[in-house]
Asks: 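Sharing a structure with you now.
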Amino acid sequence: MDIHFFLLPLLFLGPSIATEPTSNPLVTADSIGASNSTCVSVVFHDFYSTPAHQSQTSISPCDLKNKCAGVFWLGASTNISKDQLLSKHLQIGVPIKNGFKEFMKVEYNPMGKQVASSFPVDVFQAVIATLPYNISYEFIPYIGNSDAPGYYDELVSQVYLKEYDAVVGDISITAARSDTVDFTYQYMEAGVSMIVPTKDNNSMSPWWFMKPLTTTLWLTTLAVAVLKGVLVWVFEREKNQEFQGLPSELIGKILSFSFSTFVFATHEKLESNYSRFIVNLWTFLVFILVTAYAANLTSMLTVEKLQPTITDVRSLITNGDYVGYQNGSFVFELLRNLGFNESKLKPYSTVEQYAHALEHGSSNGGVSAIMDEIPYIRVFLKSHCRKYTMGGRTYRTGGFGFVFPRGSAMVPDISRAVMNFSEGEKMFEMEKKWFGDQTTCPEAGSPISNKSLTLYSLRTIYIITAVASAIALSVYFICRSYKRGSMGMLRSKTRITPGLETIPKHGTSPELLPYGFSNPNY
């Protein structure tokens, strides 16, 4: 017989199942009927969630009664007013954490009463304060085994079992949990990823210092440097004795002067204004080039250090590495579903335990990676980002939300209040209060450029240098030609003008002087 026909009578038996009388005057027949209908839907879900759809197993009204005993809540009936709903003093459960106190910290006040404080608690209190009605509540720490893998699932189930009216904390929204309870809109985005050690820079190439510039830019810079030395020699060779001598000596002086500018260590004294102009222009180009080189080299070394050693979860399974997770988190089940052997999974609770396990590695009693939700990863990397980073793919989750019973009338109002609060400035101030400035260390996966600088990226400064050098060289030759032309005309006039004679200058070329004047250097 088809299983649908077998289960169909349950739809009619649900409202008539015997239920223990309740002393709560707010509970009506409508609320009991609605809650039993909800319970029937839970039983149907449990049945269809089994892979084999066990049709041979019958569900008796007695079994249904045992599953649904006590599982009805005030919000299940639309006949109950919100005033009646809110007249109850809510018992709100909160988790107990051994680490990551930013997400939950339970302490004793001077009166000996337990007090919960954390980022989720502050968000919940701020959100409740924005509602147009008052809600009376108190936080009650859930004592269960906080080191157990299913601690958070047990805490959520307390709402289903009517032990708590709600749960506030770092509760992740998952599909399995939403089958039995309702979540508000997420107050913090989340996801699951890995914490892995970063790469060691000792394995870098021996030519790492060449990477900031492309080969074309290196060759162009060297060619321009040599050209600059040649231009300075052209301008200085007639007047400056430091640029005179044998050809072999001149080549050494030109190359020395060309490359000494890179470290701003030129010692030669310049006589020509053209040389000074070329050197100043080249010094400006070198300053831009050295600054860009240093910045790109720093970026490359940073990116090299931030590269994760492990980028694929499957490699951890293949190598048989140990992987850590946070105590009580649903990540344990996620790792099992990914194919990890339970014997290779190690639970941890604090940031210090995370760092200690990663430092030792799988071969020394630690782990090769830790899987956790991104908010916890950011807290860890805030103080350990120099040696560890976030690697691998990110598994999406529903984020952190507040837990209420199925059909609770408060969920829509609180969800809208959470959305409005998340978009305001107060949420940013609250995050800064509990998590501090998380920009003090580059985040893992941040898009830092590690490309080599190209000639095209510095084309403007090279074009300016080339054009200015060409103009200076042109003006130099024009002025020199004009001067030679003027001297030639002057010599021509001295040959035809009476009273003038050529008197040689001692050690130099002849000098034209009027007749009767003596040359002091002769």
Asks: Among Y152, Y151, Y325, which residue satisfies the ring-ring contact (aromatic ring centres under 6.0 Å, His included) criterion with F332?
Replies: Y325
Asks: Distance check, rounded to the nearest 0.5 Å: T184 atom OG1 versus M419 atom CE?
Replies: 9.5 Å
Asks: Using the ring of each side chain (for Trp, its six-membered ring), is H384 parallel, tilted or perpendicular to Y388, with breaks at 30° and 60°?
Replies: tilted
Asks: When the ring planes of F119 and Y187 are compared, do they come out parallel, tilted or perpendicular, using 30° and 60° as the limits?
Replies: tilted
Asks: Do R459 and Y462 form a cation-pi contact, if we require the NZ or CZ to be under 6.0 Å from the six-membered ring centre and within 45 degrees of the ring's axis?
Replies: no
Asks: Within this structure, what is the OG1-CD1 distance for the pair T460 and I288, rounded to the nearest 0.5 Å?
Replies: 11.0 Å
Asks: Please give me the minimum heavy-atom distance between R393 and S193, naming the atom from each residue.
Replies: O-OG, 3.6 Å
Asks: Between F435 and R378, is any pair of side-chain heavy atoms under 4.5 Å apart?
Replies: no
Asks: Does the side chain to side chain contact (heavy atoms under 4.5 Å, CB included) test come out yes or no for T198 and T309, once each step is laid out?
Replies: CA-CA 6 Å; T198 54; T309 55; 5.7 Å; no
Asks: Any idea which heavy atoms bring V168 and P95 closest together, and the distance?
Replies: O-CD, 3.4 Å
Asks: Do the ring planes of Y354 and F380 sit parallel (below 30°), tilted (30 to 60°) or perpendicular (above 60°)?
Replies: tilted
Asks: Establish, from distance only, whether the side-chain atoms of Q326 and K97 form a donor-acceptor pair under 3.5 Å.
Replies: yes
Asks: Just verifying a value: how many Å separate L231 CG and I278 CD1, rounded to the nearest 0.5 Å?
Replies: 5.5 Å
Asks: Does Y322 reach the main-chain N or O of A357 with its side chain, forming a donor-acceptor pair under 3.5 Å?
Replies: no
Asks: Rounded to the nearest 0.5 Å, what's the gap from CG on L213 to CG on L455? Could you check?
Replies: 10.5 Å
Asks: For residues I414 and I128, determine if any side-chain heavy atom of one lies less than 4.5 Å from a side-chain heavy atom of the other.
Replies: yes
Asks: Are I171 and F183 side-chain neighbours, meaning at least one heavy-atom pair lies under 4.5 Å?
Replies: yes
Asks: Report yes if the side chains of Y185 and I173 come closer than 4.5 Å at any heavy-atom pair, otherwise no.
Replies: no
Asks: List the atom of S272, the atom of E236, and the distance in Å for their closest heavy-atom pair.
Replies: N-OE2, 2.7 Å
Asks: Any side-chain donor-acceptor pair under 3.5 Å between N327 and S349?
Replies: yes
Asks: Might you work through the side chain to side chain contact (heavy atoms under 4.5 Å, CB included) test for I370 and M194, ending with a clear yes or no?
Replies: CA-CA 5 Å; I370 289 179; M194 290 191 300; over 6 Å; no
Asks: So which heavy atom on D372 is nearest to which on I377, and how close?
Replies: O-CD1, 3.4 Å
Asks: So how far is it from T291 OG1 to N296 CG, rounded to the nearest 0.5 Å?
Replies: 12.5 Å
Asks: Measure up the F400 and F103 rings against each other and bin them: parallel (under 30°), tilted (30 to 60°), perpendicular (over 60°).
Replies: perpendicular
Asks: Check the angle between the aromatic planes of Y274 and Y476 and answer parallel, tilted or perpendicular using the 30° and 60° thresholds.
Replies: perpendicular
Asks: Would you say the side chain of M390 lies within less than 4.5 Å of the side chain of I374, judging by non-hydrogen atoms?
Replies: yes
Asks: Test your reading of the model: is there a side-chain donor-acceptor pair from S457 to the backbone of L453, 3.5 Å cut-off?
Replies: no
Asks: Under a 4.5 Å cut-off applied to non-hydrogen side-chain atoms, are F330 and R177 in contact?
Replies: yes
Asks: Can S362 and S368 be counted as having a side-chain donor-acceptor contact under 3.5 angstrom?
Replies: yes
Asks: Mark yes or no for whether T394, through its side chain, and V192, through its backbone, hold a donor-acceptor pair below 3.5 Å.
Replies: no
Asks: Are the side chains of N273 and F235 in contact, using a 4.5 Å heavy-atom criterion?
Replies: no
Asks: Can a side-chain donor-acceptor contact be found between E102 and S118 if the only test is distance below 3.5 angstrom?
Replies: no
Asks: So, the side chain of S469 versus the backbone of T465: is there a donor-acceptor pair under 3.5 Å, distance only?
Replies: yes
Asks: Below 4.0 angstrom, N of the basic side chain to O of the carboxylate: do E333 and R336 qualify?
Replies: yes
Asks: Output, in order, the C-alpha distance, side-chain angles, deciding distance and verdict of side chain to side chain contact (heavy atoms under 4.5 Å, CB included) for F277 and W282.
Replies: CA-CA 9 Å; F277 174 75; W282 172 253; over 6 Å; no
Asks: Under the criterion salt bridge (charged side-chain N to carboxylate O under 4.0 Å, His left out), I'd like the reasoning laid out for D321 against K344: C-alpha separation, chi angles, the key distance, then a yes or no.
Replies: CA-CA 7 Å; D321 293 334; K344 296 294 183 179; over 6 Å; no
Asks: Minimum heavy-atom separation for F139 to A116, with atom names?
Replies: CB-CB, 4.3 Å
Asks: Side chain to side chain contact (heavy atoms under 4.5 Å, CB included), that's the test. Do W218 and T216 meet it? Break it down for me.
Replies: CA-CA 5 Å; W218 276 115; T216 304; over 6 Å; no
Asks: Do you know which two heavy atoms are closest between V367 and G324, and how far apart they sit?
Replies: CG1-N, 3.7 Å
Asks: Could you check if a side-chain atom of L217 sits within less than 4.5 angstrom of a side-chain atom of Y456, using non-hydrogen atoms only?
Replies: no
Asks: With rounding to the nearest 0.5 Å, note down the distance linking OG in S172 to CG in D153.
Replies: 10.0 Å
Asks: Does atom CD of E189 have more than 12 heavy-atom neighbours, drawn from other residues, nucleotides or ligands, at distances under 6.0 Å?
Replies: no
